[in-house]
Chemist: 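One structure, as structure tokens, below. Some questions next.
Side chains included, hydrogens not; waters and symmetry mates left out as well; all remaining heavy atoms used. Starting from 1, each residue takes its place in the sequence as its number. Remember, it's 1-based here, ligands and their atoms both numbered in the order they're listed.
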Amino acid sequence: MPRLENKVVLLSGGASGIGAESARLVVREGGKAVLADRDEAKGRTLAAELGDAALFVPLDVTQEAGWQSAVAASVERFGGLHGLLNAAGVGVRNSIEDCTLAEYRRVNDINALGTFLGCKTAIPALKQSGGGSIVNISSVLGLRGASYAMAYCASKGAVRTLTKNVALHCAQMKYNIRCNSVHPGYIDTPMIAPRLSQTVGNRSGRQDLEELHPLGRLGRPEEVANMILFLLSDESTFSTGSEFVCDGGLTA
Ligand SMILES: NC(=O)c1ccc[n+]([C@@H]2O[C@H](COP(=O)([O-])OP(=O)(O)OC[C@H]3O[C@@H](n4cnc5c(N)ncnc54)[C@H](O)[C@@H]3O)[C@@H](O)[C@H]2O)c1
């Protein structure tokens, strides 16, 4: 039995990396995937590859009107909404001393405010469909600090606690909507490609990041997508407001 049969899932950041692998899994497990991303070329290519069970909608997650169109398009095309994955995000290196106000705002607008808008806009449609599951991608850097990633850590910490707030509100209101956060370690996607090609001392950037994980390697996007699939499915119906870590032992 497919694990997401007839469930409609809207995925921000669905054109690349973890979001794209999650979209592939949604379709493989019998669901419908609405890929919402600002990268139209990649998003349309993946939607075409996935066929009738997928739809691409252009979205800048910082724009409320764009979210409303994406949710409306999901319901119009597939008849409802049962899941939301907030995967759109940007990674930037900066410290408290060198991060500009503009850069802090940009990172937090995309990673944190984008997640807020996604949850807020999707909840009415999820309610109308009888409930559902929201999955917000935070990071191991939403669980602890890192001197080199100030704005990113702040944004991902906000995603972590926003998730708990959404979960508690929906539980209190008896909406049958769950909300959980996922905290990946370093995953081999286009986001970290620039870091992998840098040299750190006498090691490659890839070696440097691999050694952070007790399992001795980077994660693969499909490994995070498998955790997301579990959270979107009815296999996780007693989990809400929780943190799901997928980090090769990094935070252990
Ligand atoms: N790769 C990692 O090591 C890692 C680790 C922890 C958390 N994460 C998080 O996982 C999520 C997915 O990242 P990924 O590694 O797959 O990266 P990625 O760069 O492959 O994918 C991110 C996607 O988000 C989209 N996006 C960025 N800004 C957007 C905006 N304003 N509006 C709409 N779409 C936008 C991009 O176009 C891209 O398709 C992000 O939230 C990231 O912070 C990644």
Side-chain angles (χ1 to χ4, degrees), residues 10-25 33-47 56-67 69-70 84-93 103 105-118 121 134-144 146 148-149 151-160 162-163 181-196 205-206 208-210 212-213 217-225 227-228 231 243-248 250-251:
L10 173 59
L11 306 98
S12 84
S16 176
I18 296 167
E21 280 311 312
S22 302
R24 288 195 176 93
L25 261 190
V34 181
L35 318 180
D37 204 291
R38 68 178 176 186
D39 189 333
E40 291 210 32
K42 272 171 99 170
R44 289 193 193 284
T45 302
L46 179 57
F56 173 76
V57 290
L59 172 70
D60 176 346
V61 292
T62 66
Q63 302 301 313
E64 189 167 17
W67 271 110
S69 304
L84 168 69
L85 172 67
N86 281 302
V90 286
V92 179
R93 282 173 77 82
E103 189 68 341
R105 283 199 170 127
R106 186 180 78 87
V107 173
N108 278 274
D109 275 1
I110 295 172
N111 295 355
L113 181 138
T115 301
F116 153 71
L117 285 178
T121 318
I134 300 174
V135 181
N136 296 329
I137 306 193
S138 175
S139 168
V140 291
L141 297 183
L143 299 172
R144 54 168 230 193
Y148 54 83
Y152 186 78
C153 285
S155 70
K156 293 300 188 177
V159 170
R160 172 180 170 269
L162 164 79
T163 298
S181 56
V182 168
H183 301 260
Y186 288 89
I187 311 299
D188 202 346
T189 71
M191 179 175 282
I192 65 162
R195 182 96 188 266
L196 298 181
R206 178 176 285 275
D208 185 52
L209 287 185
E210 282 174 348
L212 294 176
H213 304 82
R217 64 174 175 84
L218 301 178
R220 295 185 293 271
E222 60 270 25
E223 292 176 306
V224 185
M227 183 175 273
I228 291 165
L231 292 171
E243 298 153 20
F244 287 77
V245 178
C246 181
D247 71 350
L250 186 152
T251 48

Chemist: Against heavy atoms of Ile137, which atoms of ligand 1 measure under 4.0 Å?
Modeler: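 Result: 9 (C), 10 (O), 11 (C).
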
Chemist: Which residue and non-hydrogen atom of the protein lie closest to atom 15 (O) of ligand 1, and at what distance in Å?
Modeler: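 Looking at atom 15 (O) of ligand 1, the protein heavy atom closest to it is Thr189 OG1, 2.6 Å.
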
Chemist: Taking the side chain as every heavy atom from C-beta outward, state whether Asp247 and His183 have any pair of such atoms under 4.5 Å apart.
Modeler: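 No, too far: nothing below the 4.5 Å cut-off.
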
Chemist: Can you tell me which portion of Leu59 lies within the under-4.0 Å heavy-atom range of ligand 1? Options are side chain, backbone, both, or neither.
Modeler: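 For Leu59, only backbone atoms sit under 4.0 Å from ligand 1.
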
Chemist: Measure Ile187 to ligand 1 on non-hydrogen atoms and call it side chain, backbone, both or neither using the 4.0 Å cut-off.
Modeler: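 Within the 4.0 Å criterion, Ile187 contacts ligand 1 through backbone and side-chain atoms alike.
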
Chemist: Among protein heavy atoms, which sits nearest to atom 31 (N) of ligand 1, and what does the distance come to when rounded to 0.1 Å?
Modeler: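 Of every protein heavy atom, Asp60 OD1, 3.1 Å lies nearest to atom 31 (N) of ligand 1.
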
Chemist: Considering non-hydrogen atoms only, spot the tightest contact between Gly43 and Leu35 and give its length.
Modeler: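 The pair with the smallest heavy-atom distance is O-CD1, 3.6 Å.
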
Chemist: At a 4.0 Å threshold, what atoms of ligand 1 neighbour a non-hydrogen atom of Tyr186?
Modeler: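 Here the atoms of ligand 1 in question are 3 (O).
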
Chemist: So is Lys156 touching ligand 1 or not, going by heavy atoms under 4.0 Å?
Modeler: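 Right, Lys156 reaches ligand 1.
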
Chemist: Taking the side chain as every heavy atom from C-beta outward, state whether Trp67 and Leu10 have any pair of such atoms under 4.5 Å apart.
Modeler: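 Counting from C-beta outward, Trp67 and Leu10 do come under 4.5 Å.
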
Chemist: Output the list of atoms in ligand 1 that are nearer than 4.0 Å to some heavy atom of Asp39, sorted by atom number.
Modeler: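 Near Asp39, meaning under 4.0 Å from one of its heavy atoms, ligand 1 has 37 (O).
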
Chemist: What residue and heavy atom of the protein are closest to atom 34 (N) of ligand 1, and at what distance?
Modeler: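 For atom 34 (N) of ligand 1, the nearest protein heavy atom is Arg38 N, 3.4 Å.
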
Chemist: For atom 26 (N) of ligand 1, which candidate among Ala88, Gly118, Gly219 provides the closest heavy atom?
Modeler: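 Checking each option, the heavy atom nearest atom 26 (N) of ligand 1 is found in Ala88.
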
Chemist: Thinking salt bridges, do Arg93 and Glu103 make one under a 4.0 Å N-O criterion?
Modeler: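 No salt bridge links Arg93 with Glu103.
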
Chemist: Please assess Asn108 against Ser155 for the test side-chain hydrogen bond (donor to acceptor under 3.5 Å, both in side chains), listing each intermediate value before the final yes or no.
Modeler: CA-CA 5 Å; Asn108 278 274; Ser155 70; 4.7 Å; no

Chemist: May I ask you to identify the nearest protein heavy atom to atom 17 (O) of ligand 1, giving residue, atom name and distance to one decimal place in Å?
Modeler: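 It is Met191 CB, 3.3 Å.
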
Chemist: Between Lys42 and Ser16, is there a side-chain donor-acceptor contact under 3.5 Å, judged purely by atom types and distance?
Modeler: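 Side chains of Ser16 and Lys42: pair found under 3.5 Å.
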
Chemist: Counting from 1, what ligand 1 atoms have a heavy atom of Gly13 closer than 4.0 Å?
Modeler: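 Close to Gly13: 23 (C), 24 (O).
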
Chemist: Which protein heavy atom lies closest to atom 22 (C) of ligand 1, and at what distance to 0.1 Å?
Modeler: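 For this ligand atom, the closest protein heavy atom is Gly89 O, 3.9 Å.
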
Chemist: What atoms of ligand 1 come closer than 4.0 angstrom to any heavy atom of Gly17?
Modeler: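 Selected atoms, number and element: 16 (O), 20 (O).
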
Chemist: Answer with side chain, backbone, both or neither: which part of Val61 has a heavy atom less than 4.0 angstrom from an atom of ligand 1?
Modeler: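 It is both parts that get close, each with some atom under 4.0 Å.
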
Chemist: Based purely on interatomic distance, does Ile192 place a nitrogen or oxygen under 3.5 Å from a nitrogen or oxygen of ligand 1?
Modeler: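 Such a contact does not occur with ligand 1.
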
Chemist: Taking the side chain as every heavy atom from C-beta outward, state whether Ile228 and Ile137 have any atom pair closer than 4.5 Å.
Modeler: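 Side chain of Ile228 against side chain of Ile137, heavy atoms only: contact under 4.5 Å found.
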
Chemist: Tell me, do Glu223 and Leu218 make a side-chain contact under 4.5 Å, heavy atoms counted?
Modeler: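 No, too far: nothing below the 4.5 Å cut-off.
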
Chemist: Give me the nearest non-hydrogen protein atom to atom 36 (C) of ligand 1 as residue plus atom name, then the distance to 0.1 Å.
Modeler: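 The protein heavy atom lying closest is Asp37 OD1, 3.5 Å.
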
Chemist: Looking only at heavy atoms, which two atoms of Ala33 and Leu11 are closest? And how far apart?
Modeler: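 Distance-wise, the nearest heavy atoms are CB-CD1, 3.8 Å.
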
Chemist: Quick one: nearest non-hydrogen protein atom to atom 20 (O) of ligand 1, plus distance?
Modeler: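 Of every protein heavy atom, Ser16 OG, 2.6 Å lies nearest to atom 20 (O) of ligand 1.
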
Chemist: Are the side chains of Met191 and Ile18 in contact, using a 4.5 Å heavy-atom criterion?
Modeler: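 No - every pair of side-chain heavy atoms lies 4.5 Å or more apart.
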
Chemist: Report yes or no: is the cationic atom of Arg38 (NZ for Lys, CZ for Arg) closer than 6.0 Å to the six-membered ring centre of Phe56, at no more than 45° off its axis?
Modeler: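 No; the conditions do not both hold, so Arg38 does not lie above the ring face of Phe56.
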
Chemist: How about Arg44 and Asp39: do any of their side-chain heavy atoms sit closer than 4.5 Å?
Modeler: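 Of all side-chain heavy-atom pairs linking Asp39 with Arg44, none is under 4.5 Å.
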
Chemist: I need the Glu21 CD to Leu46 CG distance, nearest 0.5 Å.
Modeler: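 Reported to 0.5 Å precision, the distance equals 8.5 Å.
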
Chemist: Has Gly91 got any heavy atom lying under 4.0 angstrom from an atom of ligand 1?
Modeler: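 Gly91: no contact with ligand 1 (<4.0 Å).
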
Chemist: Numbering the atoms of ligand 1 from 1, which are under 4.0 Å from a heavy atom of Ile18?
Modeler: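 Answer for ligand 1: 10 (O), 16 (O).
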
Chemist: Cut-off 3.5 Å, side chains only: do Thr62 and Asp109 have a donor facing an acceptor?
Modeler: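 No, no side-chain donor-acceptor pair sits under 3.5 Å.
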
Chemist: Tell me, please: is Gly185 in heavy-atom contact with ligand 1, that is, under 4.0 Å?
Modeler: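 It does, in that a heavy atom of Gly185 comes within the 4.0 Å cut-off of ligand 1.
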
Chemist: Distance under 4.0 Å to a non-hydrogen atom of Ser139: what atoms of ligand 1 satisfy this?
Modeler: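 So the atoms of ligand 1 that pass are 6 (C), 7 (C).
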
Chemist: What atoms in ligand 1 come closer than 4.0 Å to a heavy atom of Tyr152?
Modeler: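 Taking each heavy atom of Tyr152 in turn, ligand 1 has 6 (C), 7 (C), 8 (N), 9 (C), 42 (C), 43 (O) under 4.0 Å.
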
Chemist: Please say whether Ala87 places an N or O atom under 3.5 Å from an N or O atom belonging to ligand 1.
Modeler: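 By distance alone, the answer is yes.
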
Chemist: Answer yes when Asp188 and Arg217 have at least one side-chain N-carboxylate O distance shorter than 4.0 Å, and no when they do not.
Modeler: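 Salt bridge between Asp188 and Arg217, a charged N being under 4.0 Å from a carboxylate O: no.
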
Chemist: Could you check which of Pro190, Ala70, Cys246, Ser138 puts a non-hydrogen atom nearest to atom 7 (C) of ligand 1?
Modeler: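 It is Ser138 that holds the nearest heavy atom.
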
